[in-house]
Structure formats: structure tokens, C-alpha cells
2 protein chains.
Amino acid sequence: MATRSKVTIADVAQAAGVSTATAGRVLGSYGYAAKSTRDQVTAVARKLGYRPNGLARSLITGETRTIGVVAGDIRTQFYASILRGISDVADEHGFGLLITNSDERLDHEMRALDLLMEKQVDGLIVSPCDTRKARHLHRISETQLPIVLIDRAVEGLAVDQVTALNAEGAEAAVGELIRAGHTRIGVVAELLEPEPGGIERFIEDAHAGLVRTAKSMYPSWQRLLGYINAHRAAGLAIDSSLIRPAGSYSSEAAHREARDLLSHAERPSALFTTDGTMSEGVMRAIAEAGLVIPRDVSLVGFDDLDWMAFTPPGISAISQPRYAMGAAAARMLLDRVAGSTAPTSGLTMTPEFIKRGSIARR
Amino acid sequence: MATRSKVTIADVAQAAGVSTATAGRVLGSYGYAAKSTRDQVTAVARKLGYRPNGLARSLITGETRTIGVVAGDIRTQFYASILRGISDVADEHGFGLLITNSDERLDHEMRALDLLMEKQVDGLIVSPCDTRKARHLHRISETQLPIVLIDRAVEGLAVDQVTALNAEGAEAAVGELIRAGHTRIGVVAELLEPEPGGIERFIEDAHAGLVRTAKSMYPSWQRLLGYINAHRAAGLAIDSSLIRPAGSYSSEAAHREARDLLSHAERPSALFTTDGTMSEGVMRAIAEAGLVIPRDVSLVGFDDLDWMAFTPPGISAISQPRYAMGAAAARMLLDRVAGSTAPTSGLTMTPEFIKRGSIARR
DNA sequence: CTGAAAGCGCTTACAG
DNA sequence: CTGAAAGCGCTTACAG
């Protein structure tokens with residue numbers, strides 16, 4: 001460790017000929033101080049290059065003015081936008097942001113949370129990677145530390161949350177494809193947390209209208225439900241060979257599934273992707289297969305990424321307000337940090353269909 | 001503030017019937033403790049739900065195991081990848097990450113730095129928004145707090161830095177266009193920190209071979225220099241009406257300049273962009289003008305973004321190793337934090353040309 | 001309006 | 001191997 005010359009309040013106090021209590025009052029701007037002492041202390045502090053030590057203050061006040069975030073992967077546009085929304089709100093309120101990645105792995109999430117707790121964050125915003133196994137979140141929540149969940153909720157965990165209207169958005173998107181005359185529509189979806197009973201059972205039940213969206217259902221499952229609902233509403237059967245679980249948040253897995261889907265004799269005339277990562281993998285498969293959108297295959301993606309606007313012919317998408325979701329989560333969290341005891345609430349944001357040139361009529 | 005039940009070392013010590021010193025030694029795993037006491041204290045700690053308070057520890061040890069980052073805008077792929085590289089290395093070493101955005105504004109950068117200093121970070125990674133006005137960075141550096149600069153260096157500030165070989169990369173990219181037969185190549189570049197003498201003067205001097213790359217030259221200026229050098233090497237004149245300063249890190253500004261460039265009677269046959277944000281604005285202008293790449297216009301961008309691989313016909317790019325740059329910066333910083341007094345070093349990463357379908361022969 | 005004293009939750013010498 | 005004491009840099013009552 002380099003020897004950093006720390007100027008403390010005591011140093012300033014001594015140089016200014018006042019007590020540390022007084023120096024503290026003016027430097028921390030709490031309590032009274034005569035204008036003349038204030039000027040004197042301020043001048044000395046500036047001359048000595050005094051910088052407050054937030055650690056000491058936080059140890060006493062019990063607040064760090066820092067919030068902790070557990071994202072899946074900050075490299076994705078999804079999390080990057082959310083993070084910027086959180087960051088701007090935190091900034092406005094003078095809060096710092098401690099950011100971690102879980103890569104959707106429970107052990108990473110727990111490690112990240114431990115780190116954030118140890119650093120005494122005033123609150124947490126987390127995108128939980130398991131919507132069922134979350135004893136660690138329950139435990140944290142029991143200590144009264146404010147938590148806001150984003151993108152996904154956790155079964156039985158009564159904390160504030162911000163999510164998107166996933167099933168409805170997906171249904172609208174797939175509905176557009178169906179209205180354009182498509183009947184064989186492929187889906188590439190993560191579907192990593194298996195629903196009880198398995199995917200075949202889920203499809204069957206959903207198509208029979210027996211599945212209700214639960215907030216704690218994983219987003220990709222909700223979006224698959226929307227896909228099925230759109231078929232049901234149109235009186236269309238489901239061909240389960242068109243439903244492709246990538247099994248992970250990876251564009252490589254999506255690429256693999258899409259390539260397979262597109263190489264079949266009776267390939268689907270349209271594709272639906274359940275999020276940005278899937279969209280990128282699917283786009284790569286389409287490009288590599290030499291297919292042209294929308295002539296050879298139509299496409300709609302969940303989540304509107306930057307490139308969808310300018311990639312010919314323009315990719316239609318369901319846009320979820322990522323930045324606003326992050327900002328809202330931060331506001332909800334800061335309300336709690338400020339002491340709000342309002343009942344737990346869930347904010348559901350409505351995604352919007354953005355029509356571009358990627359859907360052909362059939 | 002909610003009343004969070006804090007279990008302290010003193011509580012554990014009392015319940016375990018040992019002194020706080022002993023409890024501290026086992027819980028903090030420093031110093032000796034008999035196996036039996038260790039087990040006893042650990043058991044009690046777990047039963048009481050003890051969680052260490054990093055604030056108190058940091059106040060004593062003088063290290064927070066936290067590093068602070070000032071990025072331009074974490075939403076961009078450029079910063080998002082860098083951040084992930086930093087994050088992974090920080091993680092490996094058990095460090096947390098406090099992340100801020102400057103939006104390339106000096107006042108924001110200074111505010112961010114104040115916040116990070118107050119939180120007593122062990123070191124800083126910053127992408128400085130002004131390579132000349134940086135008294136605040138000098139001042140911080142004088143306190144011996146380790147700083148690593150990323151993407152841009154600061155004149156006269158002797159700290160470690162990680163940058164890309166900008167002029168050379170740009171020269172290679174533009175060279176590809178020239179070799180393909182292009183002679184009228186438009187550039188859209190930020191160029192926000194004016195070089196002394198103005199842009200006309202810079203172009204003239206550069207074309208005469210009088211400008212040397214300086215590390216503290218703003219990246220977009222270095223890339224413009226590469227553009228000019230490529231022309232000079234090929235014996236081509238420069239038409240300064242083809243050089244378009246966006247004046248800010250905004251795809252809107254890039255869009256405006258590109259639209260203007262493309263609407264002229266004698267429009268350029270190829271375009272070069274100096275970074276990802278410019279590339280997105282230019283892509284939008286090309287799409288809106290109904291032009292087809294590479295039939296109507298060829299394109300090469302500095303920085304290889306995800307979509308360039310799958311957007312037909314594939315956009316050729318100069319790829320800079322963003323993730324590796326971030327990881328390297330973090331490693332350099334952690335070496336300093338660990339006490340390294342090695343001479344200040346600058347790591348220059350070599351970008352790589354990725355050939356795709358966006359360059360037509362003329 | 002100002003100061004002396006205590007204390008936040010730990011770690012660090014120093015005895016024993 | 002363990003404990004009593006001091007102290008990190010602040011803020012918080014409490015006197016005066």
C-alpha cells in the first residue's frame with residue numbers, strides 16, 4: 001500500500017484552532033457553526049486538501065448511500081440499458097452503484113450478494129437467476145434490507161418488483177405473424193428453468209388454456225405462453241418441433257437451434273425470438289444460411305435492440321422500456337431506503353410492438 | 001431507516017464466551033485461534049446470522065477492496081465490454097466495482113470522481129473526457145491513489161494506461177477501401193476536442209506528414225490521422241468536405257452528417273466511421289436513404305460491434321479488443337493496489353481488420 | 001454557538 | 001493461544 005497522506009477532520013480542526021466536533025459540523029454540514037468559524041474551517045480544509053472519509057461517516061450513520069445491483073451480464077443491451085436507468089436515478093440522489101454479474105448462475109448470484117452485503121449497501125436491485133430457489137433472497141429480505149427485483153419475480157418473496165408484460169407482448173408479436181398469414185412459426189427461447197411437468201406438458205396445458213401467467217414464471221416461459229396463446233386465439237395447432245429451447249442465455253445455443261430449424265425440409269416461414277440474445281443468434285443463422293428477411297423468412301424479436309432499426313429491412317420487435325424499468329426500480333428502492341413502509345408493489349411495464357420490414361405476407 | 005438487526009462481533013464473542021479479539025480473529029481469519037474456539041465461534045456466528053461489516057474493517061485496514069470506474073456511457077457496447085473485462089478481473093480478486101458515467105462531460109467526471117474518492121476506492125480506472133484539462137486527475141494522482149487510464153491518455157499525467165493503436169488501425173481500414181479502388185471516402189468522426197490550429201490546419205499538416213500520433217491525442221483525431229495517412233501513402237489528395245466532425249458522441253449527430261454526405265450530387269463511394277456510435281448513426285442514414293451496402297456505398301467502421309457480423313452483407317470493421325483492454329486495465333490497477341512500484345507503463349493493443357462484405361470494388 | 005466524551009464495528013499491537 | 005486496550009475517522013448526544 002502506498003502511503004496516502006490522509007488529512008482528517010482532526011488535522012483540519014487543529015490547524016483551524018477548533019475542536020473536531022466543530023470542524024466536523026462545518027465539514028459535514030450538520031449542526032450549527034458561526035459564519036466566521038465556518039469560513040475559517042472551510043479555508044483550512046481546502047488548503048490542506050481535506051477529503052471526507054465516507055467509511056467513517058457510514059459506520060456511524062448506518063447508511064452508505066450505495067446501492068448494489070446483480071445483473072445477468074452487463075454486456076447485453078438489456079442489462080446495460082437497465083443499469084443506465086438505475087445509474088441516472090442513483091446519481092440524482094447522490095448514490096453510488098456497486099455492479100455485479102451473475103451470468104445467470106445461482107452460486108455467482110450468492111457470491112455477489114455476499115460481497116454487496118459486506119460492503120453495507122443501502123439496498124439491492126437484483127435480477128434473480130432462479131425464481132424458485134431463492135432462500136438467500138428471503139434471508140436478506142428478512143434483515144429488512146430493501147430489495148427490488150427486476151425482470152423476474154420470485155415465488156413467495158414479498159418485495160417490490162419491476163417486470164414487463166411478457167405473455168401479452170409475445171402474444172401481440174406472434175399475432176402479427178399469424179395475421180400476416182404465417183402458420184408455421186418457429187420459436188427460439190431460453191426456457192432454462194423447466195416448468196413442472198416438462199415442456200410438452202406445458203405446451204399442451206397452455207394450448208388448452210389451462211396455464212395462467214404467474215409473475216414468478218421465467219420470462220422466456222411467459223413469452224412462450226404468449227406464443228401459444230396467439231395460436232390458440234387464431235385456432236392454430238402447435239407443432240412442438242418448432243419450439244426450440246436454447247437451454248441457456250447464449251446466442252451460440254440460439255444460433256444452433258435456429259440453424260437446425262432453418263435446415264429442415266419444411267422449415268418455418270417465420271421465427272419468433274424471446275429476447276435480444278436469442279435474436280442475435282438467430283440473425284447469425286439466417287445470414288449464414290444465405291436467407292433473406294423477409295423474403296425467405298419473417299422475423300419478430302422480443303426486446304428492441306439498436307441494430308434492429310437500421311439492419312435492412314428493419315426487424316420488427318416488441319420493445320420493452322429497459323431504461324425506464326431500471327429507473328423505476330431505482331426509484332422504488334430509494335423510496336424504501338428513505339423509509340417508505342408502503343405495501344409491497346409490482347410495477348408491470350407494457351411493451352410496444354414496433355413494426356418494421358421483417359414480416360412478409362403469405 | 002428500517003431497524004436492521006445487526007449482529008456484531010461483540011455479540012458473537014459474548015454468546016461464544018470469548019473476547020471480541022478472539023472472535024474477530026476467527027471470523028476475520030487473521031491471527032491464531034485454537035481449533036475448538038474456532039469451531040465454537042463459527043457455530044455461534046452462523047446461528048446468530050453474523051455478517052461482517054466491511055466498513056469497519058476498511059476503516060482500519062485502509063483498503064476497501066473496491067475499485068472505481070468512470071466510463072463515458074455504460075450503455076454502449078464499447079464501455080459495456082470494457083466494464084465486463086474489468087468486472088471479471090475484479091471478481092477473481094474479490095474486489096467490488098463502483099461504476100459511474102461521465103457522458104463525456106468534465107463536470108460529471110469530476111463529480112463522479114469525488115463520489116468514488118469519498119467511498120475510499122482502492123484505485124480508479126478512468127476514461128478521461130478531456131485529455132488536456134485534467135488538473136483533478138493530477139491532484140488525485142498526487143495523493144498516490146492508483147489510477148489507470150483507458151482508451152485515452154492525458155498529456156503529462158504519468159499513470160498506467162491502456163489504449164488501442166488507433167491511427168494504425170484506421171490507416172489499415174481506409175487502406176482497404178483505397179485498395180478496392182475508392183478515392184472519395186467520407187469520414188464521420190467525433191472530433192470534439194479541437195486540435196490546436198483547427199481541423200483545416202490539422203488536415204494540411206497531417207497530409208504533409210507533419211503530425212505525429214500522440215497518445216494524448218483524442219482517439220477520433222488519431223483515427224482521422226490514420227485516414228489521412230492512408231491517403232498520403234496512396235498518393236491521394238484529401239477533400240476536406242468529406243471529413244465530417246459530429247462534434248459529440250452521439251449517433252444522432254453522426255446520422256445528420258452522414259445524411260448530408262450521402263445526399264450530395266457527388267457523394268462519396270465509401271464511408272469510414274471512427275467508432276461504434278458513429279457507425280450506428282451512419283447505418284441509420286444509409287438505411288433511410290434506401291442505399292444498399294456495398295452496391296451504393298461501401299463502409300468500414302472502427303470497433304467491431306455485434307450486429308456487424310450478421311447484418312447483411314456483413315460490415316467490415318477494425319476490431320479493438322475491448323474486453324481484453326478492460327481486463328488488462330484492471331490487472332494493471334490491482335498490481336498497483338498490491339503495492340507495485342514498477343515504472344508507469346502504457347499498454348497499446350493492436351486492433352485487427354475483420355473483412356466482411358461491406359466493401360465493393362470500384 | 002462550541003467542546004469533551006463516547007461510540008460505530010471492527011483490527012492491531014502488546015501482554016500474558 | 002487468548003484478552004484488555006487503543007484506535008481507524010468520523011457523528012452524536014450532552015453540557016456549557
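So you know, we letter chains A, B, ... as the sequences are listed, proteins then strands, and number each from 1.
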Rounding to an integer number of Å, can you tell me how far [X] [atom1] sits from [N] [atom2]?
{"X": "B/Y30", "N": "C/dT12", "atom1": "OH", "atom2": "P", "value": "7 Å"}
{"X": "B/I9", "N": "D/dA5", "atom1": "CD1", "atom2": "C1'", "value": "16 Å"}
{"X": "B/K119", "N": "D/dG9", "atom1": "NZ", "atom2": "P", "value": "18 Å"}
{"X": "B/N53", "N": "C/dC10", "atom1": "CG", "atom2": "P", "value": "5 Å"}
{"X": "A/L55", "N": "C/dC10", "atom1": "CG", "atom2": "P", "value": "13 Å"}
{"X": "B/D11", "N": "C/dC8", "atom1": "CG", "atom2": "C1'", "value": "13 Å"}
{"X": "B/I60", "N": "D/dA6", "atom1": "CD1", "atom2": "C1'", "value": "11 Å"}
{"X": "A/R57", "N": "D/dC8", "atom1": "CZ", "atom2": "P", "value": "19 Å"}

Side-chain heavy-atom pair [X], [Y] within 4.5 angstrom cut-off:
{"X": "A/I99", "Y": "A/V70", "result": "no"}
{"X": "A/P128", "Y": "A/E109", "result": "yes"}
{"X": "A/L333", "Y": "A/D160", "result": "no"}
{"X": "A/H138", "Y": "A/L157", "result": "yes"}
{"X": "A/R38", "Y": "A/R25", "result": "no"}

Any Lys/Arg nitrogen of B/D107 or B/R111 sitting under 4.0 Å from an Asp/Glu carboxylate oxygen of the other?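 B/R111 and B/D107: not salt-bridged.
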Given [options], which nucleotide is nearest the side-chain atoms of [X]?
{"X": "A/A33", "options": "C/dT11, C/dG9, C/dT2", "value": "C/dT2"}
{"X": "A/A56", "options": "C/dG3, C/dT12, D/dG9", "value": "D/dG9"}
{"X": "A/R25", "options": "C/dT2, D/dG3, D/dT11", "value": "C/dT2"}
{"X": "A/Y32", "options": "C/dT2, D/dT11, C/dT11", "value": "C/dT2"}

Does OP1 or OP2 of C/dG3 have a side-chain N or O of A/T22 closer than 4.0 Å?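 Result: yes.
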Is the distance from OP1 or OP2 of D/dC8 to the nearest side-chain N or O of A/T8 less than 4.0 Å?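 Result: no.
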Let me spell it out: for each of A/P52 and B/A34, pick the nucleotide of DNA chain D with the closest heavy atom. Which residue's pick is nearer the 5' end? B/A34
Closest-nucleotide mapping onto DNA chain D: is B/L59 or B/A21 further toward the 5' terminus? I mean the 5' end.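 The residue mapped nearer the 5' terminus is B/A21.
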For a quick check of understanding: with a heavy-atom distance under 4.0 Å over all strands, which category does B/T37 fall into, base, sugar-phosphate or nothing?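 Result for B/T37 = sugar-phosphate.
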Hey, does B/R38 reach any base, or is it just sugar-phosphate, or nothing, if we go heavy atoms under 4.0 Å?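 Contact class for B/R38: none.
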Between B/D151 and B/Y79, do the side chains contain a donor N or O and an acceptor N or O under 3.5 Å apart?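 Their side chains do not contain a donor-acceptor pair, so the 3.5 Å distance test is not met.
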Is there a donor-acceptor contact under 3.5 Å linking the side chains of A/T66 and A/K119? no
Watson-Crick or G-U pairs under 3.5 Å in DNA chain C, rendered as dot-bracket with [ ] for crossing pairs and | for another strand: |||.||||||||.|||
